[in-house]
**Q** 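My questions all concern the structure below.
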Amino acid sequence: MKKFLRCSVILPALLLSTSPALADEPPADLFQRALATAQIHNERAGEVCGFAYAPSWDENGGFLYQQEAEAASWVDAAAQPVEPELAERLPDDPRQMIRPSPERLLESADTPRFVRWEDGLAIYQFQPVRVPLAGGGFSFDIAENVVAEVGIDPETAMVAFREVTAPSSFRPNAVVRIRDYQTRVNFRPAWPDGPVVVADNHYAIVAVAMLQTHNLTGSASYSGFSRCEAG
């Protein structure tokens, strides 16, 4: 029995030590390859001429975007024109919503550090260069107060997600305190072998200003991507 117990302890230890996902570091150039890959897919976002957009603030099923004859149009989930007050909340260039911009994704104020493997992805951590935050008449850049993590597929060098969090509470000015800050963007191919686009995003922010606590949460998903017609 003692011999069996020793084997049962040693065998998992050997498996952990030889597992590439736990013991090996990713290729030294993986982060730079991810930058180049993100640039390619950022440009390929122009191949998308339609998608469905479902923000958490809309309770009626979201919106459908279609690019036709060099003009972008939005309709609601019932294929009706979007009401003017809602149209003001939608961007003039909808494809900017789904582009994996290399600058927004991977631009770093320090040297990106590989920190762990997670679900087959290489996780890198770094301080982002610019993280704008606006609301309630205030506007800040909180890049110095947060940490970014990205998950990169070592086989394709594609970014699977980007998450930005604040390790601790902070004051962007004398009036506002950010108690909690977290945003995440997930990516996927628009179709098999298609451009990598934003699949969904989420944010959860707790801010205190003028003795009042504000819980800011929201999300949006993107689906039903369609290709531009050839020619």
Side-chain angles (χ1 to χ4, degrees), residues 30-107 119-121 128-132 134 148-164 183-203 217-231:
L30 180 58
F31 196 88
Q32 291 303 315
R33 285 167 48 211
L35 273 168
T37 302
Q39 182 60 52
I40 292 171
H41 287 282
N42 182 55
E43 295 167 358
R44 287 191 63 194
E47 299 174 20
V48 178
C49 273
F51 59 85
Y53 167 53
S56 57
W57 52 262
D58 180 70
E59 299 178 352
N60 299 312
F63 308 93
L64 302 174
Y65 152 72
Q66 190 67 40
Q67 179 78 30
E68 295 178 352
E70 301 301 323
S73 63
W74 286 100
V75 296
D76 63 22
Q80 298 298 313
V82 177
E83 296 180 2
E85 59 269 24
L86 288 179
E88 293 179 357
R89 303 184 67 172
L90 301 172
D92 295 330
D93 184 0
R95 282 180 287 199
Q96 292 298 329
M97 303 168 72
I98 61 167
R99 289 181 183 272
S101 167
E103 292 77 16
R104 291 200 304 267
L105 272 179
L106 300 169
E107 191 173 16
D119 298 328
L121 301 174
V129 172
R130 184 171 181 270
V131 180
E149 287 192 348
V150 293
I152 302 175
D153 186 324
E155 298 297 326
T156 63
M158 292 181 183
V159 176
F161 73 84
R162 180 182 191 258
E163 189 169 76
V164 179
T183 64
R184 181 177 174 114
V185 185
N186 295 308
F187 302 89
R188 68 175 178 86
W191 51 79
D193 298 321
V196 173
V197 294
V198 175
D200 55 71
N201 54 54
H202 311 263
Y203 65 87
T217 61
S219 63
S221 62
Y222 306 83
S223 60
F225 299 97
S226 61
R227 305 176 192 236
C228 300
E229 295 183 3

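All values reported here derive from a predicted model rather than from experimental measurement. Numbering starts at 1 and runs along the sequence shown.
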**Q** For G218, is there any backbone N or O sitting under 3.5 Å from a side-chain donor or acceptor partner on S56?
**A** no

**Q** Taking all non-hydrogen atoms of both residues into account, name the closest pair between R104 and Q96 and its distance.
**A** NH2-O, 3.7 Å

**Q** Is the W191-F51 ring centre distance short of 6.0 angstrom?
**A** no

**Q** Could you measure the distance from the CG atom of N42 to the CG atom of L35? Nearest 0.5 Å is fine.
**A** 11.5 Å

**Q** Crowded around D93 CG? As in, over 12 foreign heavy atoms under 6.0 Å?
**A** yes

**Q** Apply side-chain hydrogen bond (donor to acceptor under 3.5 Å, both in side chains) to R44 and list each qualifying residue two or more places apart in sequence or on a separate chain.
**A** E47

**Q** Determine whether N186 and V198 make a side-chain contact, defined as any pair of heavy atoms from C-beta on separated by less than 4.5 Å.
**A** no

**Q** Taking all atoms of both residues into account, what is the closest heavy-atom pair of L106 and A38, and its distance?
**A** CD1-CB, 4.4 Å

**Q** Quick one: does R89's side chain get under 4.5 Å of W57's, heavy atoms only?
**A** yes

**Q** Is there side-chain contact between V150 and F31, with heavy atoms separated by less than 4.5 Å?
**A** yes

**Q** Side-chain contact, heavy-atom cut-off 4.5 Å: M97 with P55?
**A** no

**Q** Is any side-chain heavy atom of L90 closer than 4.5 Å to a side-chain heavy atom of Y65?
**A** no

**Q** Working to the nearest 0.5 angstrom, can you tell me the gap between M158 CE and I152 CD1?
**A** 12.5 Å

**Q** Supply the atom-to-atom distance D200 CG to R184 CZ, rounded to the nearest 0.5 angstrom.
**A** 8.5 Å

**Q** With rounding to the nearest 0.5 Å, note down the distance linking SG in C49 to CD in Q66.
**A** 7.0 Å

**Q** Which heavy atom of Q39 sits nearest a heavy atom of P102, and at what distance?
**A** OE1-CG, 3.4 Å

**Q** Is there a donor-acceptor contact under 3.5 Å from the side chain of R188 to the main chain of A199?
**A** no

**Q** Quick check: closest heavy atoms across A52 and L64, and the distance to 0.1 Å?
**A** CB-CD2, 3.6 Å

**Q** Could you tell me whether the side chain of P100 reaches within less than 4.5 Å of the side chain of H41, counting heavy atoms only?
**A** yes

**Q** Going by heavy atoms in the side chains, are F63 and V82 under 4.5 Å from each other?
**A** yes

**Q** Which pairs count as side-chain hydrogen bond (donor to acceptor under 3.5 Å, both in side chains) when at least one residue sits in residues 74-86, sequence neighbours excluded?
**A** none

